[in-house]
Amino acid sequence: IDRTQPHWIRCVKPHHSNTARSFSGKEVMDQLHYAGVLETVKIRQAGYAMRLLHEDYWKRFRLLLSPSQGMDADLRGIAEALGFQKTHCQIGKT
């Protein structure tokens, strides 16, 4: 953890018994799976780690486009200018 910049920390119980120095790998993996941690890791490893607010995205990439009607139209235009297909990115509500 000292060499990373975690966005969140998830507490995981190492076992269900009340004994010291006990660890159950299966129980830990089940907790990570059901909490969605493993899926999040897979998604981030696949390159989908970037989530920007619309305004931040627009400010960062608007220079790729000529002036247009507004931010919402620009978001789609920026994605197209970057060569993203609809299956590669998604513009959310925020």
Side-chain angles (χ1 to χ4, degrees):
I1 290 178
D2 292 335
R3 291 180 276 150
T4 64
Q5 296 177 358
H7 295 277
W8 43 263
I9 295 175
R10 172 79 59 179
C11 294
V12 178
K13 293 181 180 182
H15 56 82
H16 288 295
S17 62
N18 290 328
T19 58
R21 303 185 195 284
S22 178
F23 179 83
S24 171
K26 181 182 179 334
E27 289 181 32
V28 169
M29 290 303 290
D30 286 345
Q31 290 176 68
L32 295 174
H33 173 75
Y34 293 123
V37 174
L38 299 178
E39 187 64 25
T40 300
V41 170
K42 287 179 188 177
I43 290 168
R44 293 191 183 265
Q45 286 177 339
Y48 297 100
M50 191 170 176
R51 287 185 179 165
L52 295 174
L53 295 174
H54 284 189
E55 186 175 348
D56 295 338
Y57 181 84
W58 181 73
K59 285 178 183 177
R60 184 173 182 179
F61 295 108
R62 69 179 173 193
L63 59 99
L64 297 174
L65 301 174
S66 58
S68 68
Q69 303 110 356
M71 185 173 63
D72 289 338
D74 279 349
L75 293 175
R76 288 178 188 78
I78 291 169
E80 290 173 11
L82 293 171
F84 290 130
Q85 298 174 3
K86 290 184 179 184
T87 57
H88 293 151
C89 67
Q90 180 178 351
I91 298 175
K93 295 180 181 181
T94 58

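Residue numbers count from 1 along this sequence. Just so it is clear, the model here is predicted, and its values are computed rather than measured.
- Judged as a side-chain hydrogen bond (donor to acceptor under 3.5 Å, both in side chains), and not counting sequence neighbours, Lys13 has no contacts.
- Tyr34 and Val12 fall into different hydrophobic clusters, defined by Ile, Leu, Val, Met, Phe, Trp and Tyr side-chain heavy atoms under 4.5 Å apart, directly or through other members.
- Taking each heavy atom of Ser22 and Ser17 in turn, the nearest pair found is OG-OG, 4.0 Å.
- Residue Glu27 holds its CD atom at 7.0 Å from CD of Gln31, rounded to the nearest 0.5 Å.
- Separation of atoms CZ (Arg21) and NE2 (His15) is listed at 11.0 Å; rounding is to 0.5 Å.
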